[in-house]
Amino acid sequence: MERETAAPAEEEETLVEVALRVLNEPDPVEKARLGEETARRWFDGSISVAYRSDHHLPSPPVRPARLSNIKLLAPNQMPKLGKGGSLQSRQAMVHSLVHTESWAIDLSWDIIARFGKTESMPREFFNDFVVVAQDEGRHFTLLKARLEEMGSFYGALPAHDGLWDSATQTSADLLARLAVEHCVHEARGLDVLPTTISRFRNGGDEKTANLLETTVYPEEITHCAAGIRWFRFLCLRSAENLTVDDDDKDGFVIKKFHEVVRRYFRGPLKPPFNVEARKNAGFGPEWYEPLAIKEAKIDS
């Protein structure tokens, strides 16, 4: 009698494989749910492997899957949001925030899927960006629910995809992705959020103001800090074969940041800057103030 051959045990799904599933899920509600579940499984050990170096995986999508119910316009064609004095203006402001958070979910999983394996990043990198992805999913869910409480819904208004346009431009360079998306754009959010919170509060919408002030704002500071931390890590790792004195390391990293941003980000950074929030993220003025000045062109 022939002995039965046991079926080979199915290999555990890796974090990068699940990140690809999130990116290929078109429904943002399901993206957020799947991201939350994945974060829980990663931190409780149900998913224990970030990636397998000997496994070939498909490339992340050029553009993550999206439902077609959002009318997209070019950034310069978007209607003004207003200053929160009317319900219509406050709905438009929350709708814009919901859309931004939907892309932030994808950006967080994309950096894991696109660069984690190819750049041989350490486990702490995955830990940080799983937390960022989990936060962004929660922000999306809370803001979407708040929008519905206000009598609107995600998809009721047009939106733009400018945030993903810059992700496309940095899709081949992790340093550029960290500098532009996870430092410059995240810090810009910190610059404008206090004014946004004040507009909701002045318009009598204390509930939205509190949501932004107590949940979104402090967590976005940690997201900017993650961008700075891993930009610094990559720079110093690349400098291991260079002669860079310990006293010169900060200068080396900041100079590289300036070079990368000037290459990949169009135009100077726009003040005013939220100096305190940026400082709390480890993003001192020496990083960004030189980038607020347009470089003079030198005739050859």
Side-chain angles (χ1 to χ4, degrees), residues 12-44 46-47 50-51 57-72 94-117 125-149 152-168 170-171 177-178 180-182 185-186 189 211-212 215-216 219-220 222-224 226-227:
E12 172 195 335
E13 191 175 34
T14 66
L15 182 66
V16 168
E17 287 171 319
V18 184
L20 289 168
R21 283 207 285 126
V22 176
L23 294 170
N24 286 306
E25 168 55 55
D27 184 348
V29 174
E30 181 61 16
K31 277 184 192 287
R33 188 204 65 77
L34 180 57
E36 175 65 30
E37 176 189 281
T38 302
R40 176 186 57 76
R41 292 174 61 207
W42 175 249
F43 288 115
D44 73 13
S46 302
I47 300 173
Y51 62 87
L57 292 173
S59 298
V62 173
R63 186 178 188 275
R66 290 259 143 179
L67 296 178
S68 58
N69 62 332
I70 309 296
K71 181 181 179 183
L72 295 176
V94 175
H95 190 280
S96 176
L97 290 167
V98 172
H99 186 68
T100 298
E101 295 293 355
S102 78
W103 274 120
I105 296 169
D106 280 323
L107 281 166
S108 306
W109 290 111
D110 187 81
I111 200 171
I112 288 170
R114 187 175 302 278
F115 298 109
K117 177 182 176 181
F125 171 86
F126 296 98
N127 290 346
D128 275 0
F129 283 100
V130 168
V131 170
V132 172
Q134 185 179 29
D135 289 348
E136 305 293 21
R138 184 171 58 258
H139 297 172
F140 170 83
T141 300
L142 291 170
L143 286 164
K144 178 178 177 294
R146 179 65 191 131
L147 182 61
E148 291 165 2
E149 289 175 352
S152 189
F153 61 93
Y154 182 39
L157 298 171
H160 72 81
D161 284 353
L163 200 57
W164 192 258
D165 291 343
S166 55
T168 301
T170 58
S171 63
R177 173 65 64 85
L178 288 164
V180 174
E181 295 290 359
H182 298 279
H185 284 314
E186 286 281 10
L211 170 59
L212 294 174
T215 300
V216 176
E219 290 179 351
E220 294 296 342
T222 68
H223 301 173
C224 184

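No donor-acceptor pair closer than 3.5 Å links the side chain of His182 to the backbone N or O of Ala226.
Here the straight-line distance linking atom CG of Leu147 with atom CG of Leu97 works out to 10.0 Å at 0.5 Å rounding. Between Lys31 atom NZ and Glu101 atom CD the span is 14.5 Å, to the nearest 0.5 Å.
In terms of heavy atoms, Ile70 sits closest to Ala159 at CG2-CB, 3.9 Å. Taking both residues in full, the closest heavy atoms of Ala32 and Ile105 are given as CB-CD1, 4.1 Å, listed atom of the first, atom of the second, then distance. Smallest separation of non-hydrogen atoms from Pro60 and Leu23: CB-CD1, 4.1 Å.
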* Show the numbers, then the answer: is there a side chain to side chain contact (heavy atoms under 4.5 Å, CB included) between Val130 and Asp128? => CA-CA 6 Å; Val130 168; Asp128 275 0; over 6 Å; no
* To do: Carefully, step by step, assess Glu136 and Glu219 under the rule side chain to side chain contact (heavy atoms under 4.5 Å, CB included).
  => CA-CA 9 Å; Glu136 305 293 21; Glu219 290 179 351; over 6 Å; no
* To do: Please lay out, stage by stage, how Phe140 and Thr100 fare under the test side chain to side chain contact (heavy atoms under 4.5 Å, CB included).
  => CA-CA 8 Å; Phe140 170 83; Thr100 298; over 6 Å; no
* Check against side chain to side chain contact (heavy atoms under 4.5 Å, CB included), Leu143 and Leu212 -> CA-CA 9 Å; Leu143 286 164; Leu212 294 174; 4.1 Å; yes
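Under 3.5 Å, the side chains of Thr14 and Glu17 contain a donor-acceptor pair of N or O atoms.
Contact of the Leu178 side chain with the Phe115 side chain is not registered, since no non-hydrogen atoms from C-beta on lie closer than 4.5 Å. Counting heavy atoms from C-beta on, the side chains of Pro64 and Asn24 never come closer than 4.5 Å.
For Arg66, the salt bridge (Lys or Arg N to Asp or Glu O under 4.0 Å) test picks out Asp106, with sequence neighbours left out. Scanning for side-chain hydrogen bond (donor to acceptor under 3.5 Å, both in side chains) contacts around Ser46 gives Asp44, with sequence neighbours left out. Scored by the side-chain hydrogen bond (donor to acceptor under 3.5 Å, both in side chains) test, Tyr154 finds His99, Ser102 as partners (sequence neighbours excluded). Partners of Lys144 by salt bridge (Lys or Arg N to Asp or Glu O under 4.0 Å), not counting sequence neighbours, listed by chain and number: Glu148. Residues satisfying the side chain to side chain contact (heavy atoms under 4.5 Å, CB included) criterion with Ala167, sequence neighbours excluded, are Leu107, Trp164, Arg177, Glu181. Residues that satisfy the side chain to side chain contact (heavy atoms under 4.5 Å, CB included) test with Leu142, not counting sequence neighbours, are Arg138, Leu211, Thr215. For Val180, the side chain to side chain contact (heavy atoms under 4.5 Å, CB included) partners are Ser166, Thr170, His185, Tyr264, Phe265, not counting sequence neighbours. Not counting sequence neighbours, Glu36 has no partner by the salt bridge (Lys or Arg N to Asp or Glu O under 4.0 Å) test. Listed by chain and number, the residues in a salt bridge (Lys or Arg N to Asp or Glu O under 4.0 Å) with Arg21 are Glu13 (sequence neighbours excluded). Applying the side chain to side chain contact (heavy atoms under 4.5 Å, CB included) rule to Ala156 yields the partners Ser152, Phe153; only residues at least two apart in sequence or on another chain are considered. With sequence neighbours excluded, the residues that form a side-chain hydrogen bond (donor to acceptor under 3.5 Å, both in side chains) with Asn127 are Trp42.
Ring geometry, Tyr51 versus Phe126: the interplanar angle falls from 30° to 60°, so the pair is classed tilted.
Residue pairs satisfying the salt bridge (charged side-chain N to carboxylate O under 4.0 Å, His left out) criterion with at least one member in residues 152-163, sequence neighbours excluded, are listed as follows: Arg63-Asp161.
When each of Thr38, Val132, Leu34, Leu20 is paired with Trp109, the side chain to side chain contact (heavy atoms under 4.5 Å, CB included) condition holds for Thr38 and for no other.
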